[in-house]
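Read the numbers this way: they start at 1 and go in the same order the structure lists the ligands and their atoms. All values reported here derive from a predicted model rather than from experimental measurement.
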Amino acid sequence: MARSTTVPVLALTAAQLLFVGLAETLWALTGPPVPASTGITLLIVVAVLFALAEKFTVVFPVRRGAHVISLSDIPLVLGLLMIHPLLLVPVRLAGALTGLLLLRRQRGSKLAFNTALYLTQTTVACTVFHLLGGASDPYGPRGWLAVFAATFAADLVSIVLISAVIAVHDDSQEWHRLLTADVKQLFQAPLVALTTTLALVTALLVREQILAALLLGVLAYAAHLVFAGYAQQARTHQQVEDIYRFTRSLEGLTGADEVARTVLGQVRDLVRAEYAELVLTDPPVRMRLYGREQFDIVAADTGEPASGQHISVPVRIGDSTGVLLAAECMPDTPAFTDDHVRLLQAMSSHAGVALSEVRLLERLRHSAAHDPLTGLPNRVTFLADVQRVVDSGGSAGVLLLDLDRFKDVNDALGHDIGDVLLREIAGRLRERYAGQGTVARLGGDEFALLAGDPAAAVTLAEDVRRTVERPVPVGDLTLTVQASIGVCLAPEHGSDANRLLSRADLAMYAAKESRAGVRVYRPEDEGSTARRLTLMNGLRAALDHGELTVVYQPKVDPATGRVLGAEALSRWRHHGEPVPPDEFISLAERGGLIRPLTRHVLATALSDCAAWRQAGHDVTVAVNLSPHITADPGLAAQVQEHLHRYGVPAAALTLEITENGIMTDPTNCRLTLDALHELGVKLSIDDFGTGHSSLGRLAHLPIHEVKIDKSFVRHLVTDRKRRAVTDAALQLGRALDLTIVAEGVEEEDEFDYLRRHDCDAVQGYYIAKPMPHGAFLDWLASRHVPARVA
Ligand code: C2E
Ligand code: CA
Ligand code: CA
């Protein structure tokens, strides 16, 4: 019995015992004295009959429950006619205890309640019998009438008290059902009449001829069999109806929990159990329904397994199995029988089908709402969640995260590695932030977060960035990806989920462009998308039509003034307007145009360089490699092919790469760099000082040159910190035997400083601005530097 309901049951038991005690006292004080003639044998026989009655019970289906007919009416009638009430109650007590304890193995509050119920019935029956004057003419018609009234009253008492105990116990609806039940169904009047008549005839006969009791024993047993058969039929009929109602109750349920709860509720009702349990293996959970309200779901290996009286059957749910269990019969059911097991089996097979259906449905629904690769909610779910918050008048922060240059990881390392990376990032995001709001994968390398507190959205975004940018070990590689995050606030930036997301997207692009990492949406971001789209299309067309031009900025040796070579820098005019290289290069990187762009610049630069060399100038040319293609395995072959086509020696080509380009994918980068080095191409680390790599790492790479970033060169004479970086780079260069180039030299004092400190090459407006091929050739000629043809 569930703990919480024990108290009201015990209270009901105590009330009954109080009633019996009071009635007995009243009898003792005001009733007729106990006749001295009552034989002890009679008392024992009646007590034994009461006990045996517990064995011969017949259960009839009544309403949703059952009505127990026991042959206890026979000893009751004998007792009413032959035994003084003050003695009958103890006899009943002895019979009840023996029968319930030994034959029905009841214990605890259930035993107490049933014993009290029997005593109450006996007391009520005695009272009715005596009030109607049955005692004055026990074997005459008046006595018969009083006996009938007494047994009917006892039956009524039992119905009311059992309904009461079920009501306090687990189902307050029981009263309602009792009151609305069909009276004919409720009262098994013919059966009560039959047992009562049988008992009366027995008493009459026994009075005449004691041996006749044996005959009546046969009759009683036969009657029991007839009842049992009849009851069996009624129950079978009832079960068909129950199963039908059960399957109907499962129709239209859509959640597994909902189905489990309904199944367990029905099991409790139909099998007449105090609690019902469904234990599943996949997932391993134990669902238990106590009473009407208490529904627990716990891990399968926790929670005590059913002890005491119970029946269980296996359940098949698709490929997995489980167990359906009903434990402790309700007060109106003597014990679980084979009928109950069969009923449970039928219910289990229907429950299994229903559960596997909803699971399938749930799986479908899950996949409709989730991203298959990472298991995170998808765009549809995310938008719905955002809309729900906005509609409810709440505020929120929408974070849109996009990995920087994820496409390169995919291109260079393959989609499998890309997938591993995405799953790792998804896992980190889920683990750290799913508790705070929806974490979704919108597709590709885009993730989104819904933050409850808009004020904390930027702090959250910074944290997300750090989480994502932690190195990801993949096999023996370690990848680091960077992320840009756009933040948009609701309701400030919109009240429509789609609009909010697209604004977060704009902010994300702006963050990416400005390399800010995190950016909150601003209205001016709107224009930039339109511009980006036009530019992207324009750039694609420009590349198709070879409209990109290349300009050259010289590098000179500050000690001698000799021109060493030139850096090739792309230029693009869109509708006559120059587009800053930083802008269109990053566009090309994101739009998958960086490969054709690089190929174009490389071809142009080599072709132009060949022309300078033919004109007698022993100069080199440097081409910038975007980090995106530094790891490209086909790069070396392509470079070799171009060198060959334009007849430029490999040593005359320098490829400028950035530290970040190497760090994105060190292993593949290393392979490409080694292959280029094999060719004899010179490699240069561009923008030195702005990345995060340690100087020590560079020593292991096959590089020839380091270019100190212009941010350290500008004003190096007056700024001690900048000078420190430049000095360190110069020392490093000497130690590692690298060529050190200073770029962005604009002033004479900068130039002088670098010359005095043995910088190998300088580049900058102080020498010359980038210029077209023809102008550069003229400039070379005007330098009057003695040329030496290789
Ligand atoms: P970068 O490789 O660092 O190129 C040097 C940049 O510094 C060039 O900017 C150049 O015009 C500028 N510069 C040169 N001297 C001075 C100076 O004295 N003062 C100042 N303030 N700046 C100077 P640009 O041409 O605007 O190019 C910007 C960036 O775009 C380049 O930086 C490079 O990263 C990228 N880029 C340009 N062309 C290409 C290309 O063909 N391929 C790739 N992948 N990137 C390119
Ligand atoms: Ca460069
Ligand atoms: Ca640079």
Check whether any N, O or S atom of E656 sits under 3.0 Å from the Ca ion (ligand 2). yes
Does a side chain donor of either D727 or Y753 reach within less than 3.5 Å of an acceptor in the other side chain? yes
With backbone taken as N, CA, C and O and side chain as the heavy atoms from C-beta onward, which portion of K769 lies under 4.0 Å from ligand 1: side chain, backbone, both, or neither? neither
If the Ca ion (ligand 2) is the vertex, what is the angle to OD1 of N624 and OE2 of E567, rounded to 10 degrees? 90°
Are side-chain N/O atoms of D505 and S502 paired as donor and acceptor at under 3.5 Å? no
Look only at the side chain of H545 and the backbone of A541, and say whether a donor-acceptor pair between them is shorter than 3.5 Å. yes
Hey, is the Ca ion (ligand 2) within less than 3.0 Å of some N/O/S atom on D686? yes
Contacting atoms of ligand 1, where contact means under 4.0 angstrom from a heavy atom of S626: 44 (N)
Just by distance, with hydrogens left out, do E589 and S626 show a side-chain donor and acceptor under 3.5 Å apart? yes
Heavy atoms only, cut-off 4.0 Å: how does V745 contact ligand 1, side chain, backbone, both, or neither? backbone
Heavy-atom distances under 4.0 Å decide this one: backbone, side chain, both or neither, for K707 against ligand 1? neither
Are a donor atom and an acceptor atom from the side chains of E705 and T739 found within less than 3.5 Å of each other? no
With heavy-atom distances below 4.0 Å as the criterion, list the atoms of ligand 1 near E743. 3 (O)
May I ask you to check whether Y433 and D463 show a side-chain donor-acceptor distance below 3.5 Å? yes
Run down the list V623, V550, I585 and name the one with the heavy atom closest to atom 46 (C) of ligand 1. I585
For P580, which part has a heavy atom under 4.0 Å from ligand 1: side chain, backbone, both, or neither? neither
Ligand 1 atoms nearer than 4.0 angstrom to some heavy atom of P770 are 11 (O)
In terms of its nearest heavy atom to atom 30 (O) of ligand 1, the top option of D687, L569, D582 is D582
Taking C-beta and beyond as the side chain, do W612 and L777 meet within less than 4.5 Å on heavy atoms? yes
Please confirm whether Y766 comes within less than 3.5 Å of ligand 1 when only nitrogen or oxygen atoms on both sides are compared. no
Considering R714, K710, R571 one by one, which has a heavy atom nearer to atom 12 (C) of ligand 1 than any of the others? K710
Under 3.5 Å, is there a donor on one side chain and an acceptor on the other for D404 and S484? yes
One finds that the ligand 1 atoms under 4.0 Å from a non-hydrogen atom of E746 are 17 (C), 18 (O), 19 (N), 20 (C), 21 (N)
Test applied, salt bridge (Lys or Arg N to Asp or Glu O under 4.0 Å); reference residue, E750; option that passes from R714, K710, R756: R714
Indicate yes or no: does an N/O atom of N624 lie under 3.5 Å from an N/O atom of ligand 1? yes
Using ring-ring contact (aromatic ring centres under 6.0 Å, His included), reason through Y552 and W779 one step at a time and then give a plain yes or no. CA-CA 11 Å; Y552 302 95; W779 183 84; over 10 Å; no
